[in-house]
Amino acid sequence: MRVELENIHKHYGSVRANDGVDLSVQGGEIHGILGENGAGKSTLMKVLSGYIRKTAGTITVDGRQVEFRSPGKASECGIGMLYQDPLDFLNLSVLDNFMLGQVSGLKNEREYYRRKLLPLSTHFNFNLDPNSPVSRLTIGERQQLEILRLLSIGIKVLILDEPTTGISEIQKQTLFAALKQLAREGKSVLLISHKLEDTQVLCNRVTVLRRGKVTGHMEAPFDTRQLLDQMFDQLPTPPSRLKASPGDTILSMSDVVSTGGRTGLQKCNILVRKGEVVGLAGLEGSGQGVFLRVASGMSRPKSGIVEVDGRSMIGKSHREFKDAGVTFVPTSRLEEGLVPGLDITEHFALNARKTRFFVRWSNALSAAKEKIEMFRISGRPRSPVQSLSGGNQQRLLLSFLPEAPRLLLLENPTRGLDVESAHWVWRHLQTYTARNTSIVFSSAELDEIVMVADRILVFFDGKIVKDVRAEDTDSRELGRAIAGEI
Amino acid sequence: IVAFATGVASAAKEQFKFGLLLVGPYNDHGWSQAHYEAGHYVEKNVSGTQMIYIDKVNPADRPGVTIPQLVDDLVEKGAKLIIANSDDMKDGTREAAAMHPDVKFLHISGDDVLTGKSGKNLTNLMGRMEYGKMMAGFAAAMTTKTGKIGYLGPLVNEETRRLAASCYLGARYAWEKVLKKDVKDLKFQVTWIGFWFNIPGVTADPTQVAQNFYDTGYDVVISGIDTTEAVVVAGQKRNEGKKVWAVPYDYVGACDGASAVCLGVPYFNWGPSYTELIKEAMGGSWSPKWLWYGPDWKNINDPDTSTIGFVYGAALGDDAKSALNTFIADLGTGKLNLFKGPLSYQDGTEFLKTGVSATDKQIWYMEQLLKGMDGQSSAK
Amino acid sequence: MTMAQITSPGPAQLLKFVREFGLTLTVVVLFTTLVLLIAGAPPLDAYFYILKGSLGSWVKISHVLKTWVPLTLCGAGLLYTFRIGLWNIGIEGQVMMGAVFATLTLRLGLNSQWPMWFLGLSFAAAALGGGLWALIAGFLKTKGGVNEIFAGLGMNFVAQGLILWLIFGPWKRPGVASMSGTEIFPQSLWLPYISSLRLSPAAIALAVTAVLITAVMLRYSRIGLCLKAIGGNSQACVLYGLTPTHFMLLAMMFAGGFAGIAGCLQVSGVYHRLLPAISSNYGYLALLVVMLSNYNVWVVPFVAFFFACLNVGSIQLPMMLQLDSSLAGVIQGALVLATLAVSAWRGRRAKIFEAQTQEAVAK
Amino acid sequence: MNEFQVSILFAAVVAGAAPIILATLGETITERAGLINLSLDGSILLSAMAAFVTAYLTHSVAVGFIIGALVGALVAVLVAVFSIYLSQSQVAVGFVLTLMARDLAYFIGNPYSRLQGPQVMPLPIPLLADIPFFGPVFFNHNWPVYLSLVCIGILTWYMYRTPMGLALRAVGEHPKAVFARGMDPKKLQLFYAVCGGLLVGLAGATFSLSTKPGWGRPQGAEGTGWIALALVIFGGWHPVKAAIGAYLFSFLQVMGIYLQGWLPSIPTQVFQVAPFPLMIFTLLLISLAQKEAFLARVEKMPWIRPFIQMLSGTPPSALGKPHEAE
Ligand SMILES: Nc1ncnc2c1ncn2[C@@H]1O[C@H](COP(=O)(O)OP(=O)(O)OP(=O)(O)O)[C@@H](O)[C@H]1O
Ligand SMILES: Nc1ncnc2c1ncn2[C@@H]1O[C@H](COP(=O)(O)OP(=O)(O)OP(=O)(O)O)[C@@H](O)[C@H]1O
Ligand SMILES: [Mg+2]
Ligand SMILES: [Mg+2]
């Protein structure tokens with residue numbers, strides 16, 4: 001089966017997520033879609049899968065022009081997508097999730113679909129228990145379930161949006177094997193990723209996007225250097241790690257146990273010294289998030305001791321942590337960091353001295369103006385924060401950081417930022433370390449961690465399985481640790 | 001005749017408007033409708049009169065509305081006489097009367113004239129429903145098979161107490177003297193719902209109370225409230241094949257459409273007394289009075305003379321009917337006076353010594369239910 | 001829930017507002033007329049009588065103001081809870097408890113030499129009563145995780161039961177127990193009023209100050225800002241060192257306090273006694289008022305006045321046209337719905353327009 | 001009122017619960033689909049009025065029920081359209097409709113109050129009605145009562161045994177995912193809002209044509225809407241549990257009157273108000289049942305666990321958050 005995309009446009013307000021993209025996929029090929037964050041990969045594929053409506057452009061399947069008003073229409077044409085954040089039903093059983101969308105009417109067909117599911121999953125040597133609720137599955141297993149469902153409704157073009165983020169090495173191997181097999185069976189696979197190595201091992205062809213435009217096609221084997229050129233405007237020049245001379249302990253945890261996240265936190269013992277930059281590696285939700293929240297007093301541990309500057313902080317509120325010089329910046333900006341509905345000025349007013357009864361609007365306004373200037377935030381003092389782009393939201397959050405914090409706890413500080421903004425962020429953060437502030441940050445990008453951290457902690461299933469100085473290790477070793485193989 | 005003619009002539013020049021404040025809906029098939037139709041009766045029979053009425057004058061239905069406020073409005077619309085038809089309007093009426101000294105006020109079922117709290121422009125009027133209730137109780141006792149009569153009471157006050165008591169007296173008389181049964185086998189239960197009609201979440205639900213009466217072996221329920229739940233529920237139970245009866249209250253048409261279960265209804269006929277008082281007001285011969293009108297014993301159902309009446313329901317048996325006829329006759333001739341000692345209150349204290357018959361005041365201000373009745377004598 | 005920020009409308013906005021208001025009004029009028037026709041009533045007369053019955057004379061206007069005062073007070077209180085994203089349906093019960101506490105204080109003052117003191121005290125007591133009652137619902141929400149709508153609603157029924165028990169029990173009139181409430185208070189314990197209109201200036205003053213205070217609090221005080229922030233995203237506010245639950249309780253206290261004062265005025269200013277329907281549904285109605293005002297403090301008093309007119313004027317319907325006065329409620333409801341619909345319609349139109357322009361750009 | 005037969009008592013409970021169950025099931029459907037229809041208390045009254053008036057005018061109970069159901073559906077559609085297609089706050093719209101529908105009912109129904117109208121005839125089921133205890137309790141009622149009983153079963157089967165039921169639960173959990181699977185969440189939610197509304201309408205009709213025959217102000221159905229809403233939570237969004245809740249409530253109501261007779265010292269208001277503090281209390285338990293801290297505390301008291309088990313129901317994840325197309 002052959003799919004053609006011509007001059008696809010998708011605009012969100014002023015943002016041109018896709019700006020005249022052309023793409024064609026043959027049967028039996030594995031086609032990689034490359035590009036930095038925000039390049040428009042997901043958008044393009046969502047258009048193809050009918051999940052969002054394109055602003056303009058044409059899609060043809062086997063020479064026949066089609067108009068996808070909903071995912072249903074797309075899957076009728078044999079096109080199905082595995083979304084970046086899985087769209088499944090946590091509270092329903094595996095079997096329910098499998099059946100949903102293919103069954104209808106009143107007839108109880110569970111047993112039929114049970115018989116259909118089991119062989120299919122063994123065929124790709126996935127193992128899924130039909131009766132277990134999806135909430136008990138790992139990201140990888142949820143992907144497997146979704147793939148099986150798509151196949152069983154007769155998908156011939158399978159789209160996967162960054163399937164390799166947040167799954168273990170083994171699962172990654174199983175997945176790749178399955179995809180290769182699909183290709184052999186004549187199905188086409190579209191694989192979104194911004195990880196070169198994935199495409200290297202898997203794809204026969206790649207298309208590279210940058211800022212919503214196609215910047216190149218290439219057949220395997222790929223020239224990495226050239227791909228990078230096409231992905232990024234100017235090649236990322238990593239901010240060099242500056243050699244901090246660690247002083248005495250600022251944060252210490254001993255035998256801290258806490259709930260939350262997928263895994264919780266188990267028997268965590270660490271010390272963080274002044275001026276140190278500590279990177280937290282690990283799969284999504286392996287305990288880093290919980291760690292940062294416990295360390296910042298956002299959530300309270302079940303047991304164990306947390307000390308800041310040698311003072312025990314057990315049972316203290318986040319505010320008291322703040323007073324002790326600990327600052328936390330969460331990933332999901334609009335959920336945890338900023339207040340939708342309030343504008344930039346109001347945020348600064350919120351940050352101002354708490355003692356006054358009346359708000360000094362004039363002060364807040366000038367503060368807003370100043371920081372917008374300083375942090376190159378593209379927005380006006382009166383523009384509501386939800387209207388800012390992700391990068392600018394992140395800049396705004398960083399602009400709230402106090403003058404000289406003792407300890408900065410950052411969760412995925414560069415998530416969703418394009419490379420320039422990411423580097424800008426790091427250069428800014430390093431001005432703090434210069435002032436002998438300690439930074440602890442988590443990131444999904446190993447390279448980033450290796451690049452800026454002095455010391456690296458690897459989380460696996462809520463435990464710290466590795467604690468090394470950055471210069472004593474490399475991303476391959478870390479990669480294995482992340483997958484739990486030490 | 002000449003005088004009357006001139007009266008009309010003078011009235012015809014400018015309409016005599018009278019305002020009517022009804023506590024319930026004008027079409028409640030009960031207390032309020034009786035007044036509403038009396039108003040029409042006046043309009044028909046006293047030429048030159050015109051009624052302005054407003055119904056549901058009670059805090060639940062018209063939250064935020066006060067009696068003085070409504071009176072202001074009626075007076076503004078030209079009302080010369082205001083009729084307030086509920087005991088609950090006592091304070092409001094008094095306040096308004098004080099505020100509009102040149103307007104006449106007729107407060108139904110109040111006693112401000114007796115207590116002397118009111119000014120010269122306020123008159124109290126009430127009907128001697130005691131007799132009607134005696135007949136109701138009589139009919140019930142003649143009919144009941146289980147010897148258990150339920151009384152669906154509104155809120156507790158002097159009026160409701162004496163009415164329930166009269167009902168019981170009538171029933172007891174029928175039971176003892178006519179049916180010659182032992183008074184101990186007669187059960188007379190009063191259950192108060194808390195107001196003159198159902199207010200969900202505020203009063204007990206009369207539908208449920210009535211259902212409960214029938215479910216627990218009471219086969220006749222006498223309604224003391226302004227609305228028709230008793231008859232309705234009785235009809236339901238009858239459909240289910242239970243042999244049960246009910247006696248509604250207040251309004252001559254209350255039995256309509258429920259003939260299968262209705263033993264008859266004691267009703268008010270305000271037309272005549274309204275006419276009299278309004279004529280007084282028009283003629284300028286108004287003076288504050290405390291009036292308590294009874295039936296016209298010549299024909300208690302005469303629309304032009306009798307204030308209290310009792311129409312027989314289709315469900316009333318023939319021998320019960322004839323017995324009731326003689327009962328009424330005896331009441332009329334005064335041969336029979338049920339408020340005559342020995343009578344004692346529920347807690348055993350004496351109400352009337354042997355042979356003594358009660359004065360109006362004694363009856364009006366009864367302190368408790370009578371011995372032999374079940375149910376609360378006063379609000380807790 | 002849409003939380004409008006308080007913005008000073010420029011001329012353009014004003015024009016748009018007027019246009020939309022006109023549209024809304026026509027929708028409502030059409031609907032109400034339809035309802036009236038279904039009920040077989042002459043619509044024009046109905047509207048005329050409502051108007052005449054509410055603004056026809058000074059006495060009537062004074063009645064309207066009597067209704068306006070509690071509506072405005074409750075409305076002002078609700079702005080705090082709406083700001084922080086709470087649906088304080090319990091306000092009805094908070095009015096009742098205010099009335100109860102006020103009655104209690106006044107009863108204590110029954111035969112004292114300085115009735116004025118007790119009169120003054122009754123306001124404090126009422127605010128306290130309302131506030132505490134609101135706090136219960138607040139704690140149920142913050143500590144117990146009970147949805148404030150159900151908590152508040154339940155508390156309303158409980159308050160109602162309490163009032164009835166008081167009226168039929170401990171505070172009943174000698175001998176009689178009746179829905180017409182407790183024994184009427186002596187003149188000395190009435191809120192001073194203009195005898196010709198039976199309207200007390202103090203009440204009006206209170207309502208006005210309530211509005212002003214609320215406006216200042218929400219716009220200029222730190223509390224106001226925090227309420228808004230927490231209403232927008234309580235999770236994030238923890239990062240800013242705020243404790244959402246505390247502010248929720250605070251907001252509930254404000255709402256309850258204002259409601260309580262409204263209840264006090266019902267007792268000492270209007271009925272001069274406690275009666276079962278003392279709250280007169282003003283709490284529930286105030287919720288509509290605030291919604292229709294789009295949560296804008298400056299609009300609340302006007303909407304409240306309009307609603308008061310409808311309430312008072314509609315009493316003419318049964319008198320003149322034998323219609324039920326509940327038409328007022330229908331009109332009020334229709335107004336709110338129509339406003340919501342119109343604003344939503346505006347939003348959609350904007351979206352569609354944008355989409356079309358983008359298509360043009362892309363081609 | 002000392003003497004009473006258990007069977008009669010329970011019969012009264014079953015009969016009295018009928019409309020409450022219908023309303024509760026209706027709301028359960030709607031909320032399972034992710035919509036909150038807060039307007040129950042009003043729409044029940046409105047449909048009760050519509051049902052009685054039409055039945056009165058057409059002399060046909062059946063027509064009354066049909067119209068009643070349709071009116072209920074109409075109100076539900078309003079809520080649904082406002083929230084799904086106009087993306088307005090469901091609570092706001094629902095609350096406005098609560099008040100408005102009630103007043104509309106009083107306004108239009110005014111001329112018909114306190115009239116003797118048609119009502120549903122009792123319909124004992126031939127043989128079953130003669131079974132000693134269960135006969136009178138379950139099989140000696142009229143058809144709305146039977147309907148309420150049947151609905152519990154049908155709805156449970158539909159929700160947990162049929163693909164369509166699966167879709168119903170799914171759309172309440174994650175509308176986007178439903179959309180991704182090629183179904184239209186908005187249409188689904190609208191559809192189930194209508195279904196729920198129909199049941200609510202039937203509840204109203206049952207009030208004015210069977211439970212408390214006739215129309216008037218007040219009709220007597222006032223307040224049940226709120227109870228139904230609470231019962232949905234009490235039932236943890238499960239039809240059977242919700243129905244049990246309805247029976248408990250009805251039992252409480254009936255007992256109220258007996259108790260009034262038995263314990264005259266207790267003020268009658270207590271019995272009027274009792275259900276509501278109870279409602280709050282159960283809601284409190286339910287939310288506590290989700291809290292680990294609380295669970296840890298009650299570890300020591302095993303007897304409480306069954307309660308917690310019964311009360312631990314989680315709301316549909318997307319309740320009150322309708323699907324927004326990207
Ligand atoms: N719903 C939306 N509303 C507004 N802008 C959006 C929306 N979705 C995506 N965008 C913008 O469109 C651009 C492309 O987004 P897209 O998710 O396709 O990037 P991507 O290539 O998938 O990046 P990543 O690798 O992080 O997934 C981004 O700038 C993003 O901010
Ligand atoms: N006909 C059907 N269509 C879709 N889903 C169904 C159907 N029947 C049951 N289910 C789903 O299956 C889940 C469990 O249902 P059920 O109790 O039938 O499991 P089961 O058949 O007992 O499983 P097992 O095979 O372990 O016995 C429920 O969540 C229900 O939604
Ligand atoms: Mg993206
Ligand atoms: Mg993406």
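Throughout, protein chains are lettered first and strands after them, A, B, ... in sequence-line order, and every chain is numbered starting at 1. On a predicted model such as this, the values are computed, not experimentally measured, just so you know.
Using a 4.5 Å cut-off between heavy atoms, C:Ala41 does not touch chain D at all. Interface residue D:Leu229: backbone and side-chain heavy atoms are both found under 4.5 Å from chain C. For a residue to count as touching a neighbouring chain, one of its non-hydrogen atoms must lie under 4.5 Å from one of that chain's; by this rule C:Val158 touches chain D with backbone and side chain alike. Of the atoms belonging to D:Asp103, heavy atoms from both backbone and side chain fall under 4.5 Å from chain C. Interface remark: C:Gln322 contributes backbone atoms only to the contact with chain D (heavy atom separation under 4.5 Å).
Shown here is D:Tyr85, whose OH atom has more than 12 heavy atoms of other residues, nucleotides or ligands within 6.0 Å.
Ranked by non-hydrogen atom pairs under 4.5 Å with chain D, the options C:Gly144, C:Pro318, C:Gly40 are led by C:Gly144. Counting heavy-atom pairs closer than 4.5 Å to chain C, the top-ranked of the candidates D:Phe95, D:Phe107, D:Trp226 is D:Phe107. When the candidates C:Leu317, C:Ile38, C:Leu153 are compared by the number of heavy-atom contacts under 4.5 Å with chain D, C:Leu153 comes out ahead. Contact tally against chain C (heavy-atom pairs below 4.5 Å) for D:Val81, D:Val91, D:Ile108: the top residue is D:Val91.
A donor-acceptor pair is defined here as one N or O able to donate and one able to accept, closer than 3.5 Å; no such pair exists between the side chain of C:Thr32 and the backbone of C:Ile331. C:Glu92 places no side-chain N or O within donor-acceptor distance of the main-chain N or O of C:Ile89, the cut-off being under 3.5 Å. Judged purely by atom type and a 3.5 angstrom limit, C:Glu148 has no side-chain atom pairing as donor or acceptor with the backbone of C:Leu86. In this structure a side-chain-to-backbone donor-acceptor pair under 3.5 Å is missing from D:Gln90 to D:Leu38. When atom types are taken as modelled, the side chain of D:Ser89 and the backbone of D:Ala92 share a donor-acceptor pair closer than 3.5 angstrom.
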